[in-house]
Amino acid sequence: MVTYCRKSKGGGITLLPADSETWLVQYEIGAGLKCGNCSRYHPARIPRTLNEAGEAAFLGTLGRNDAIVDPEAPQRVARDAAELRRRGQVILGRCFDPWCPAGQKYHLGGRFMEAILDQDDWSLQIRTKNTAIVDDYDIASKYRHRVSIGMVFTAPASRAAAMTLLEPHASSNPERMGALWQAHDLGLTTHAFVDSLLPRTSDSESHIDELVGFAAECGAEMILARPISVRGLALRRMQKALAKAGYAREAAGIESIKTREGWSRYATEMALNFQRSCLKLYEIGRLRFFLRPSQLVEEDIWRLEMNDHGIHWIGGRRRRYVEVR
């Protein structure tokens with residue numbers, strides 16, 4: 001992995017897009033330009049601040065394992081945190097994980113935390129896949145009432161091997177569980193973000209029970225979840241990598257969701273399994289499962305809208321059906 005240092009034109013505190021997959025958050029941090037986690041299940045992102053004709057040649061040389069960071073970004077975040085008059089909750093780690101290997105070189109995670117939390121009336125929701133965050137738990141403890149530590153889980157511990165292949169620069173899922181346990185033991189507020197469970201491999205009710213049960217034991221204030229993205233070339237990259245490494249079952253699962261009908265069925269069943277698990281093992285009121293109605297087929301929209309407890313419709317619900325018998 002090669003790390004490039006580039007000065008971004010933004011990089012401060014910005015308003016979140018209206019259709020973002022977040023909860024109770026108003027702002028995000030332009031923490032970096034390209035994350036070094038290299039998750040094959042996410043669509044490739046062209047860094048917006050570099051998406052100009054003069055940077056085209058540079059972008060063309062980047063590999064998927066390369067990272068672009070801006071070591072000066074925390075200074076601009078500190079400026080915005082002091083100057084913005086309307087304050088609220090900020091998400092750190094939505095598009096760029098500052099605790100990724102590239103971010104660790106410049107201690108970006110801890111510097112961002114201090115830049116925001118040193119100012120009153122700001123709170124922070126963290127989302128990371130790297131256990132390096134434990135080195136900054138002292139900062140979180142100092143501002144414990146304004147910080148929620150969130151780990152991203154992409155598989156239960158019993159099915160984590162394949163995801164290690166797809167996330168070569170992130171901590172393993174069992175390691176992330178250990179880091180969240182440590183936050184819980186320190187009395188920090190925690191939440192879980194379950195992202196991109198593999199179809200036919202780790203999305204069954206029993207596997208989701210494992211994740212929800214763990215979140216409940218950690219006292220997670222929220223369980224956020226979403227299915228695999230269908231944008232870009234993510235599915236094709238995942239299937240190719242899994243098949244090459246000998247994960248035939250997992251690769252076949254990806255093949256099953258390449259059609260709109262297949263993906264809709266996968267996302268719907270996952271949402272229903274999360275509902276069942278939360279009802280059994282925790283509280284349905286803590287679940288936020290993110291779905292876009294435009295990506296589902298009509299039949300599955302009907303199934304979910306009849307009982308959409310815990311479902312957060314991106315862009316709003318299409319309509320609410322009520323049967324009277």
Side-chain angles (χ1 to χ4, degrees), residues 22-24 37 39 89 91-94 97-101 103-104 107-110 112-113 117 123-164 166-198 202-226 273-274 277-289 310:
T22 57
W23 184 250
L24 300 178
N37 278 339
S39 300
Q89 186 163 133
I91 187 167
L92 177 58
R94 188 177 80 93
D97 187 346
W99 287 276
C100 71
Q104 292 173 38
H107 191 216
L108 288 182
F112 280 124
M113 291 174 70
L117 297 170
S123 58
L124 194 59
Q125 187 182 116
I126 292 171
R127 188 183 295 179
T128 182
K129 299 177 188 174
N130 289 273
T131 59
I133 192 176
V134 301
D135 296 332
D136 294 317
Y137 280 175
D138 58 333
I139 301 173
S141 296
K142 182 179 177 182
Y143 303 99
R144 65 176 61 244
H145 299 299
R146 292 194 281 139
V147 182
S148 178
I149 304 293
M151 277 288 168
V152 181
F153 298 109
T154 51
S158 61
R159 310 293 292 183
M163 291 310 299
T164 302
L166 299 176
E167 302 173 307
H169 299 301
S171 302
S172 69
N173 279 275
E175 289 171 338
R176 296 176 216 173
M177 290 179 173
L180 201 64
W181 261 117
Q182 189 171 342
H184 172 66
D185 289 343
L186 290 172
L188 300 176
T189 302
T190 62
H191 68 275
F193 188 89
V194 183
D195 187 17
S196 304
L197 297 180
L198 291 177
S202 56
D203 62 335
S204 70
E205 187 173 345
S206 61
H207 293 133
I208 292 172
D209 281 352
E210 190 176 339
L211 288 165
V212 170
F214 169 77
E217 291 173 358
C218 281
E221 65 170 354
M222 295 181 295
I223 299 175
L224 310 177
R226 67 181 178 189
N273 285 336
F274 265 100
S277 294
C278 285
L279 286 169
K280 284 188 299 182
L281 303 172
Y282 207 20
E283 300 171 19
I284 192 68
R286 295 182 185 267
L287 173 65
R288 295 294 180 272
F289 193 94

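Positions are given from 1, in the same order as the sequence printed here. Computation of the quantities below employed the complete heavy-atom set of this structure, encompassing side-chain atoms and omitting hydrogens, waters and symmetry-equivalent molecules.
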I need the minimum non-hydrogen distance between [X] and [Y], along with the two atoms involved.
X      : Y      : result
Pro98  : Gly93  : CD-CA, 4.1 Å
Ile149 : Leu180 : O-CD1, 3.7 Å
Val152 : Lys129 : CB-CG, 3.7 Å

With heavy-atom distances below 4.5 Å as the criterion, would you say the side chains of [X] and [Y] are in contact?
X      : Y      : value
Thr128 : Met151 : yes
Thr154 : Arg176 : yes
Arg127 : Leu224 : yes
His207 : Leu197 : no

Rounded distance [0.5 Å steps], [atom1] in [X] versus [atom2] in [Y]:
X      : Y      : atom1 : atom2 : answer
Ser172 : Met163 : OG    : CE    : 12.0 Å
Cys100 : Glu167 : SG    : CD    : 13.0 Å
His184 : Thr189 : NE2   : OG1   : 11.0 Å
Leu92  : Ile133 : CG    : CD1   : 8.0 Å
Leu117 : Ile139 : CG    : CD1   : 8.5 Å
Ile208 : Leu281 : CD1   : CG    : 11.5 Å

Quiz item: Please walk me through it: do Ile126 and Trp99 pass side-chain contact (heavy atoms from CB on, under 4.5 Å)?
Solution: CA-CA 10 Å; Ile126 292 171; Trp99 287 276; 3.6 Å; yes
For [X] and [Y], indicate whether the former's side chain and the latter's backbone hold a donor-acceptor pair under 3.5 Å.
X      : Y      : answer
Ser171 : Thr131 : yes
Tyr137 : Ala179 : yes
Tyr282 : Ala220 : yes
Thr190 : Ala183 : no

Exercise. Could you tell me which residues satisfy salt bridge (charged side-chain N to carboxylate O under 4.0 Å, His left out) with Lys280, sequence neighbours excluded, listed by chain and number?
Key: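 Result, salt bridge (charged side-chain N to carboxylate O under 4.0 Å, His left out) vs Lys280: Glu205, Asp209.
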Self-check item: Contacts of type salt bridge (charged side-chain N to carboxylate O under 4.0 Å, His left out), residue Arg286, not counting sequence neighbours
Solution: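 Residues passing salt bridge (charged side-chain N to carboxylate O under 4.0 Å, His left out) with Arg286: Glu283.
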Quiz item: Passes side-chain contact (heavy atoms from CB on, under 4.5 Å), Leu211 versus Met177? Steps please.
Solution: CA-CA 10 Å; Leu211 288 165; Met177 290 179 173; 3.9 Å; yes
Quiz item: Can you tell me if Asp136 and His107 form a side-chain donor-acceptor pair at under 3.5 Å?
Solution: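 There is such a pair between these side chains.
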Quiz prompt | Distance-only donor-acceptor check, side chains His191 and Ser148, under 3.5 Å | solution =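 There is such a pair (donor and acceptor under 3.5 Å, judged by atom type) between the side chains of His191 and Ser148.
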Quiz item: Parallel, tilted or perpendicular: which fits the ring planes of Phe153 and Phe214, with parallel below 30° and perpendicular above 60°?
Solution: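 Ring orientation, 0 to 90° scale: perpendicular.
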Quiz item: Hey, mind stepping through Asn273 and Asp203 against side-chain contact (heavy atoms from CB on, under 4.5 Å) and telling me if it holds?
Solution: CA-CA 8 Å; Asn273 285 336; Asp203 62 335; 5.7 Å; no
Exercise. Only one of Pro156, Ser204, Ser202, Ser277 passes side chain to side chain contact (heavy atoms under 4.5 Å, CB included) with Glu210; say which it is.
Key: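 When side chain to side chain contact (heavy atoms under 4.5 Å, CB included) is applied between Glu210 and each of Pro156, Ser204, Ser202, Ser277, only Pro156 qualifies.
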Exercise. For a ring pair (Phe, Tyr, Trp, His ring centres under 6.0 Å) with Phe289, tell me which candidate from Phe193, Trp23, Phe274 qualifies.
Key: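 Between Phe289 and the candidates, ring pair (Phe, Tyr, Trp, His ring centres under 6.0 Å) is satisfied uniquely by Phe274.
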